[in-house]
Amino acid sequence: MLLDPFKRKINYLRISITDRCNLRCRYCMPEEGLQIIPHEEILSYEEILRLVRVFAAEGISKVRLTGGEPLVRKGIVHFISSLSQIKEIKDLTLTTNGVLLKEFAHDLKKAGLKRINISLDSLKKERFSQITRKDDFERVWEGIEEALRVGFSPIKINMVAMKGLNDDEIESFAELTLRLPLVVRYIEYMPSGNGEEWRGSDLLTVPQIMNRIEKLGKLTPVPQGPWDGPAKRFRIERAIGEIGLIGAISNHFCDDCNRLRLTPDGKIRTCLFSDEEIDVKELLRNGGADHDLKEKLLIAIKKKPERHPINTHQFKKCQRNMSAIGG
Ligand code: SAM
Ligand code: SF4
């Protein structure tokens, strides 16, 4: 078992397989001029697979693929199929913006993907375009329908709640759970590298969101499952889906943190909000042995901070863009 210095069990690796994306969400990327990682710096699928095999033998049992937009990287279905054959990986999941999901859902399921998270911040076509700077609302919605049709379960819809931008849709998102078997998760808006300037006044906190949802009906807490992350889970009376709330800012979720992140260019990050990075690409490309990679894993775990510094005077935005960290 992998334990960090604060006795947290580390078993989860989030892998950003590309920093490229087919949307330009305002809170994540600038519209133009984003510096991308040169192609040759990006880990190949073979390199990632080797790393996951080594880490899985040490205790990593959950992997999430993210990006950028993971579905824009060529060969992802075959890659997922290879990952799903690593027997120690018990939970293999993907976070996507859903634009390409209609085309991919069936093949992803067949390749062994277990679960899927889809990011969607508005149910209104125009507003979707305003937030993402692209006109793809229908494609995303059709992607969600296709994911339901091919039998992904659970399907989580992640909504970043922002004051004055989409906060009038908190209730409409919650109401989706009355008619569809979706898990709607509200995520607090966080400061990130290249997104639009983050202001504390844009933040809609989990308690504020809860207040609004409670008015829709009695909320029953749902017990945490083995693969659940930091979300607090509830079900509205008579709903077939669920609600989740992720308070990255308002209530520290760090006590239960179980994760490391791998960037597209082969750096392990110890915390979403820390710029501490441990390079593994050098070893992967220059004949490093498996035990050297294991050593890097142990160093990263040892360096995990106890808490993130948001809400403290030491806080500064991290240097990397969210799309190169994976969210
Ligand atoms: N492109 C994929 C997507 O959007 O689902 C995967 C990568 S994206 C960086 C992963 C998650 O990070 C998304 O749910 C996105 O909404 C979230 N995210 C990005 N910037 C954020 C911010 N500033 N605050 C909160 N969540 C953010
Ligand atoms: Fe792309 Fe996801 Fe960032 Fe939106 S949040 S720009 S979809 S990486």
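Just follow the structure's listing: the first ligand is 1, and inside any ligand the first atom is 1.
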Between ligand 1 and [X], is the shortest N or O to N or O distance under 3.5 Å?
| X | answer |
| --- | --- |
| Glu69 | yes |
| Pro70 | no |
| Tyr27 | yes |

Check each of [options] against [atom] and report the one with the nearest heavy atom.
| atom | options | result |
| --- | --- | --- |
| atom 1 (N) of ligand 1 | Gly68, Gly67, Cys21, Cys28 | Gly68 |
| atom 4 (O) of ligand 1 | Ser119, Gly98, Ala161 | Ser119 |
| atom 26 (N) of ligand 1 | Val160, Leu23, Ile17, Val72 | Val160 |

CD of Glu40: more than 12 outside heavy atoms within 6.0 angstrom?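 For Glu40, atom CD is crowded (more than 12 foreign heavy atoms under 6.0 Å).
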
With heavy atoms under 4.0 Å as the rule, classify the contact between Thr96 and ligand 1 as side chain, backbone, both or neither. backbone

Work out whether the distance between some heavy atom of Gly67 and some atom of ligand 2 is less than 4.0 Å.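 False for this residue.
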
Ignoring hydrogens and geometry, is there a side-chain-to-backbone donor-acceptor pair from Asp167 to Gly164 under 3.5 Å? yes

Does the cation-pi check pass for Arg261 over Tyr12, that is, NZ or CZ under 6.0 Å from the six-membered ring centre and within 45° of its axis? no

Listed partners of Glu88 passing salt bridge (Lys or Arg N to Asp or Glu O under 4.0 Å), at least two apart: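 Partners of Glu88 under the salt bridge (Lys or Arg N to Asp or Glu O under 4.0 Å) test: none.
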
So, at under 2.8 Å, which protein N, O or S atoms would a careful student list around atom 4 (Fe) of ligand 2?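 Result, waters dropped: Cys25 SG.
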
Go through the steps for Asn158 and Tyr186 under the test side-chain hydrogen bond (donor to acceptor under 3.5 Å, both in side chains), then give the verdict. CA-CA 6 Å; Asn158 289 343; Tyr186 301 91; over 6 Å; no

Between Arg24 and Glu31, does any NZ, NE, NH1 or NH2 come within less than 4.0 Å of an OD or OE carboxylate oxygen? no

State whether Glu138 and Lys125 are salt-bridged, where the test is any N-O pair (Lys NZ or Arg NE/NH1/NH2 against Asp/Glu carboxylate O) under 4.0 Å.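 Looking at Lys125 together with Glu138, the answer is yes, because their closest N to O distance falls below 4.0 Å.
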
To which residues is Leu3 joined in a hydrophobic cluster, defined by side-chain heavy-atom contacts under 4.5 Å among Ile, Leu, Val, Met, Phe, Trp and Tyr, whether direct or through other members? Met1

Shortest non-hydrogen separation from Ser84 to Ser81 and the atoms involved: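 Closest pair (atom of Ser84, atom of Ser81, distance): OG-O, 2.8 Å.
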
Would you mind listing which atoms of ligand 1 come within a distance below 4.0 Å of any non-hydrogen atom of [X]?
| X | result |
| --- | --- |
| Thr66 | 6 (C), 7 (C) |
| Glu188 | 25 (C) |
| Met190 | 22 (C), 23 (N), 24 (N), 25 (C), 26 (N) |

Lys304 NZ to Asn258 CG distance, which is reported to the nearest 0.5 Å: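 Separation between the atoms: 8.0 Å.
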
With ring-ring contact (aromatic ring centres under 6.0 Å, His included) as the rule and sequence neighbours excluded, what pairs involving residues 116-163 come up?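 Every pair satisfying ring-ring contact (aromatic ring centres under 6.0 Å, His included) with a residue in residues 116-163: Phe128-Phe137.
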
